[in-house]
Amino acid sequence: MDFYQRVARVCRTIPYGRVATYGQIAMLCGKPRNARQVGYALNRRTEDKIPAHRVVNHQGCLSGAGAFAVPDLQKRLLEIEGVVVNEDQVDLKKFGWKNTLEEATLLKALFEEEQI
DNA sequence: ATACTGACTAATC
DNA sequence: TGATTAGCCAGTA
């Protein structure tokens with residue numbers, strides 16, 4: 001199982017109306033130090049039906065910087081889901097994805113199973 | 001193999 | 001608190 005595929009998988013696991021951080025995703029992929037690679041992965045595979053708008057940095061800042069072809073697209077998508085965005089930032093305390101231990105375990109097991 | 005890059009983070013000031 | 005610095009590591013040239 002490729003790291004990028006894992007990233008895609010984890011992103012699709014993020015619940016509607018929640019956001020996750022790069023570091024969080026990297027951790028769930030089994031590579032806690034690969035936060036940057038997560039961003040790189042999303043950049044490469046934005047077309048792959050990955051809800052990348054639910055991914056922000058550890059401060060809750062939106063990626064902005066032309067990550068999405070249309071400016072404010074990420075912000076709009078989040079607001080549609082009920083996530084409040086202020087000054088290109090979201091409140092991780094309220095909207096951050098609190099991944100449960102079960103979800104983490106499920107993903108880990110899934111990865112190990114498909115990795116072989 | 002070396003050097004540089006970057007949708008990141010954690011540690012210092 | 002807010003700004004800087006210093007690690008990080010897969011990709012790319």
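Only heavy atoms go into these numbers, but all of them, side chains included; no hydrogens, no water, no symmetry mates. Letters A, B, ... mirror the listed sequences (proteins, then strands); counts begin at 1. Quantities reported herein were computed from a predicted structural model and do not represent experimental measurements.
Atom CE in A/M27 sits roughly 19 Å away from atom P in C/dC8 (whole-Å rounding). To the nearest angstrom, P of B/dC8 lies 13 Å from CG of A/N34. For A/L92 and B/dT9, the CG to C1' distance is 13 Å, given to the nearest whole Å. Separating the CD atom of A/Q24 from the P atom of B/dA7 is a distance of 20 Å, rounded to the nearest angstrom. Computed from coordinates, the A/K31 NZ to B/dT9 P distance equals 18 Å when rounded to whole Å. Rounded to whole Å, the distance from CZ on A/F3 to C1' on C/dG11 is 13 Å. Between the OH atom of A/Y4 and the C1' atom of C/dC9 there is a distance of 10 Å, rounded to whole Å. Rounding to whole angstrom units, CZ of residue A/R54 and P of B/dA7 are separated by 22 Å.
Where A/R33 and A/D2 each meet DNA chain C at their nearest nucleotide, the meeting point lying more 5' is that of A/R33.
Judged by distance alone with a 3.5 Å cut-off, a donor-acceptor contact links the side chain of A/R36 to the base of C/dG7. At a cut-off of 3.5 angstrom, the base of B/dG6 holds at least one donor-acceptor pair with the side chain of A/Q37.
Between A/D88 and A/K75, the shortest heavy-atom distance links the atoms OD1-CD, 4.2 Å. Counting all heavy atoms, side chain and backbone alike, A/Q24 lies closest to A/N99 at NE2-OD1, 3.1 Å.
Of the candidates C/dT12, B/dA7, C/dC9, C/dT12 carries the atom nearest the A/R44 side chain, counting heavy atoms from C-beta on.
Residue contacts shown for A/Y40 are limited to sugar-phosphate atoms, with no base heavy atom under 4.0 Å away.
Formation of a donor-acceptor pair under 3.5 Å by the A/Q74 side chain with backbone atoms of A/S63 is found in this model.
Exactly one of A/L92, A/I25, A/V55, A/T13 qualifies for a side-chain contact (heavy atoms from CB on, under 4.5 Å) with A/W97. That residue is A/T13.
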